[in-house]
Amino acid sequence: MIKKISICMIVKDEEKNLRRCLDSLQSLLEQDYTELIIVDTGSTDSTVDIARDYTENVYLHQWNGNFSDMRNISISYATGEWIFIMDADEELETPSELISLLNNPKLKQYNTIRIREKNLLSLKLNKYVFHVQERLFRNDGAFKYKGTIHNQPVYKHPVLTEEIWLMHYGYINEDKDLMEKKFKRTASMLKKELEQDSEHVYYRFQLARSYMMHGDEVLALEEITKAYESMKKQSKELLIQRYYVFGEYARMSLSVKKYEQVIEICKEGLAYNQNYLDLYYYMGYAHLSLEQREEGIGHLEQYFHFYDKYNKNELDLSNFTAVEMYTLDEYAYQNTLDRVISTFYKDKSLVRNSDSYQRWLNKLQNKTMIQKLSAQLFFIINDYNKLLDLYHDVDEKDRFPFINFLESLKNDLEEEEKKVVELAFSNNEDAYGLLNRIRLNEARSKLLVEFINQYKITDFVDEVIIEFTKYLIESNLLIRFFKRLDSITIKKIVKVLIDKEDKNDYFLESLRIDYKFNDFQNNRVFVAVASVILLSIIENEGNKININNELMDIFNDYINKGIEYIQYVYNIERIRLIYSTLTNKEEQFFAILYMANSSLQNGDVRNYQKYILEATNVYPYLSKMLKVYVSNILELNIIGKT
């Protein structure tokens, strides 16, 4: 039987990719009219063995440095009516569509088939680059490739564009080793070709892209500028065919923040092709970066218009085969929507009415983003009843992130307007409702106690925690609040209040007068607060620290209450067996000091000094104060014995 399609591949050291690629072709390979041809160019891994699991047509040809030569060797083995070019780092996502096309009588009218490809750039961000490419060619004996690198097919018209999709895994930027290997290989070959023809637009364009993928933005811009200058020397007919240079020139200029240059390039490029949606995207972002918001929004609206047309197959892509479009993935789309609506929030004059704003929101798919951007709308139009309804629709698990987002929006309001928002939410029977009742009521002690007993203020952002803690300080309820928190949370709150609100003196005074009772909770809270105070003093003063009597009084209490705390928490009789396994270094520090004091009480000064040295090594931050503490202890011990 005459073969209908020959799948032709060239491979080298592709054991990581090849089986995934060939498995994606399985339904096509099961057709009796399909043949698979694989030319290996010198693999040293298991590539050839994997290939032979799928086909007998595996041929070995040594790599000669020329991609087109290798491509042409692979197609020389083809006996099918059609040649389908695949690479090992690709995957056929829509085999059924290809099989359907091969059985469609309309195929007789065409010589070349264009299909679509997604180039995966980032697994973390789910980011892709899209392009259309000629991949199926009538095997007429004359079809071939040309070009040493980035080989180009010499194909015949008429051409059909089909909804057949490939996934390409060869440019995942998280794979640093892969990207470095590809960069070195590709850049060196391109430079060699450009030595022969320095005005070659396509090779210069590809060298610029290689630098960009490698993270060399300045060099990339230099090369794409040269490609642009070479392109401009050519006839208008050739220039129109090379308009893809405009897209990369604009993208690379945007990456180095040459915004005016981006705008000029995009305008020029769109004069040659008004469907080039990437150029609207780049121009929109450039205008927004220059605070030219109305122009930026206008161009991004055009980007969304062409984005929708592309996805409805209403965009003429016949001239897009050399272009990789960077703005067609979900990541670009959603982030651009976020940027547009955030711009509306910054400049409320851009919002003509809520309906126009809602039209943008309707483009969104992510529920969390819809809720956040809807909240922005309701702040813009001062509709706090709708904002409250939106709040009630938020899932319980997303409630506090949403509250914290509302708080960030509320910070932009005038004080009177803030009160209006707080009043709107004060009737809620939840933590946020009670927080807003506390804000609105000057006699708030009872409400604060209610909050402490029911809710966790630590679910809120730092600014709210600071505000709440100030209310507690005013009402003399801070210690009561701290006793309901774990030590780590206490330390975080104290640290925030010292750093952002300059509450160091307040806490120093509190340590002197508020912790007289020697019980577990008082000691635990004292140690947590004192720890932050002492470490903050050391952090701020360093080697210039003034260790005065007042500071040493706090340090002495810190040590004594810390040792008391250890005796509450652990079986103190077995502390020598377990202290080295304690993961909390501060607790380990107190345990060692407990053993040091026990040794000194037994008259064992040598063992005491050994434990002190160990404590210093375990918790070196307080070593200067510990040295004074030990000196005083030893002096008292000697005097006591004389």
Side-chain angles (χ1 to χ4, degrees), residues 384 388 391-392 396 399-400 402-404 406-408 410-411 413-533 536 554 557 561:
Y384 302 124
L388 192 58
Y391 173 85
H392 290 140
E396 193 65 35
R399 185 64 56 83
F400 278 100
F402 187 73
I403 288 170
N404 292 330
L406 292 182
E407 286 291 309
S408 70
K410 190 164 69 74
N411 287 337
L413 302 178
E414 299 294 332
E415 287 302 316
E416 287 304 312
E417 196 66 23
K418 285 181 183 179
K419 295 297 181 188
V420 174
V421 178
E422 290 165 1
L423 184 62
F425 281 89
S426 64
N427 291 323
N428 285 347
E429 293 300 322
D430 60 8
Y432 196 45
L434 182 52
L435 173 65
N436 283 296
R437 291 197 292 279
I438 290 169
R439 286 167 162 165
L440 296 167
N441 194 331
E442 291 187 5
R444 53 176 65 97
S445 294
K446 185 177 178 181
L447 295 173
L448 286 166
V449 172
E450 183 182 345
F451 193 103
I452 291 171
N453 290 334
Q454 290 190 56
Y455 303 114
K456 290 168 57 181
I457 195 63
T458 49
D459 288 328
F460 293 87
V461 290
D462 284 354
E463 289 73 18
V464 175
I465 295 173
I466 290 171
E467 177 191 1
F468 186 80
T469 308
K470 285 181 177 178
Y471 296 145
L472 293 171
I473 290 172
E474 292 169 2
S475 302
N476 294 317
L477 290 169
L478 186 61
I479 296 175
R480 181 171 180 173
F481 172 58
F482 277 173
K483 287 180 179 180
R484 300 188 67 87
L485 302 178
D486 62 85
S487 297
I488 292 174
T489 303
I490 294 171
K491 290 179 180 181
K492 286 179 180 177
I493 292 175
V494 174
K495 179 66 173 167
V496 167
L497 287 165
I498 289 174
D499 291 346
K500 296 186 177 182
E501 294 294 316
D502 198 23
K503 289 291 185 181
N504 193 70
D505 289 344
Y506 166 79
F507 283 113
L508 279 171
E509 182 66 17
S510 175
L511 290 175
R512 282 192 290 267
I513 64 175
D514 291 335
Y515 299 90
K516 300 302 183 184
F517 295 107
N518 190 29
D519 59 33
F520 172 72
Q521 286 290 13
N522 264 304
N523 289 345
R524 183 183 68 84
V525 174
F526 181 96
V527 166
V529 175
S531 173
V532 179
I533 291 288
S536 294
I554 293 173
D557 286 342
K561 291 180 183 293

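Everything numeric in this text was worked out from a predicted model, so none of it was measured. Counting begins at 1 with the first residue of the sequence.
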Can you tell if the side chain of [X] reaches within under 4.5 Å of the side chain of [Y], non-hydrogen atoms only?
| X | Y | result |
| --- | --- | --- |
| R480 | V449 | yes |
| T458 | I493 | yes |
| K491 | I488 | no |

Exercise. I would like to know whether V496 and I466 meet side-chain contact (heavy atoms from CB on, under 4.5 Å); could you show each step before the answer?
Key: CA-CA 8 Å; V496 167; I466 290 171; 3.3 Å; yes
What residues, two or more places apart in sequence or in another chain, satisfy side-chain contact (heavy atoms from CB on, under 4.5 Å) together with [X]?
| X | result |
| --- | --- |
| L423 | S426, L440 |
| R399 | Y391, V394, E396, I403, D430 |
| F520 | R524, Y565, Y568, V569 |

Quiz item: When you look at I533 and N504, which way does the side-chain contact (heavy atoms from CB on, under 4.5 Å) test go after all the steps?
Solution: CA-CA 7 Å; I533 291 288; N504 193 70; 3.5 Å; yes
Counting only heavy atoms not in [X], do more than 12 sit closer than 6.0 Å to its [atom1] atom?
| X | atom1 | answer |
| --- | --- | --- |
| K492 | NZ | no |
| K410 | NZ | yes |
| I513 | CD1 | yes |

Exercise. Quick one: do E422 and R437 satisfy salt bridge (Lys or Arg N to Asp or Glu O under 4.0 Å)? Show the steps, please.
Key: CA-CA 8 Å; E422 290 165 1; R437 291 197 292 279; over 6 Å; no
Set of residues satisfying side-chain hydrogen bond (donor to acceptor under 3.5 Å, both in side chains) with respect to [X], sequence neighbours excluded:
| X | answer |
| --- | --- |
| E414 | none |
| R439 | E407, N436, E467 |
| N404 | none |
| T469 | none |

Practice problem: For side-chain contact (heavy atoms from CB on, under 4.5 Å), just list the numbers for L497 and F507, CA-CA rounded to whole Å, side-chain angles, deciding distance to a tenth of an Å, and then say yes or no. | Solution: CA-CA 10 Å; L497 287 165; F507 283 113; 3.8 Å; yes
Quiz item: Does any donor atom in the side chain of T489 or D486 lie under 3.5 Å from an acceptor atom in the other side chain?
Solution: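 Yes, side-chain donor-acceptor contact under 3.5 Å.
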Exercise. Please step through salt bridge (Lys or Arg N to Asp or Glu O under 4.0 Å) for the pair K419 and E416, ending with a clear verdict.
Key: CA-CA 5 Å; K419 295 297 181 188; E416 287 304 312; over 6 Å; no
Over all atoms of both residues, closest heavy-atom pair of [X] and [Y]:
| X | Y | value |
| --- | --- | --- |
| A528 | I490 | CB-CG2, 3.8 Å |
| K561 | Y515 | NZ-O, 3.3 Å |
| K483 | N522 | NZ-ND2, 3.7 Å |
| F451 | A431 | CE1-O, 3.4 Å |
| Y384 | A424 | CB-CB, 4.2 Å |
| S445 | L477 | O-CD1, 3.9 Å |

Can you name the salt bridge (Lys or Arg N to Asp or Glu O under 4.0 Å) partners of [X], sequence neighbours left out?
| X | value |
| --- | --- |
| K456 | none |
| K500 | D462 |
| E463 | none |
| R512 | E509, E550 |

Quiz prompt | R444 bridged to E474 by N-O distance under 4.0 Å | solution =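 Result for this pair is yes, salt bridge flagged.
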Quiz item: Within the distance-only criterion (no hydrogens, no angle test), does the side chain of R484 pair as donor or acceptor with the backbone N or O of I452 below 3.5 angstrom?
Solution: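 Pair found, side chain donor or acceptor close to backbone of I452.
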Practice problem: Using atom types as modelled and distance alone, determine if a side-chain donor or acceptor of S510 lies under 3.5 Å from a backbone N or O of Y506. | Solution: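 Side chain of S510 to backbone of Y506, a donor-acceptor pair under 3.5 Å: no, none is there.
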Exercise. Keeping to residues at least two apart or across chains, list the ring-ring contact (aromatic ring centres under 6.0 Å, His included) pairs with something in residues 474-505.
Key: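 Every ring-ring contact (aromatic ring centres under 6.0 Å, His included) pair that includes a residue of residues 474-505, provided the two are not neighbours, is F468-F481.
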Quiz item: What is the distance from atom CD1 of I438 to atom CG of L448, rounded to the nearest 0.5 Å?
Solution: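 Answer for the CD1-CG pair, I438 versus L448, is 4.5 Å.
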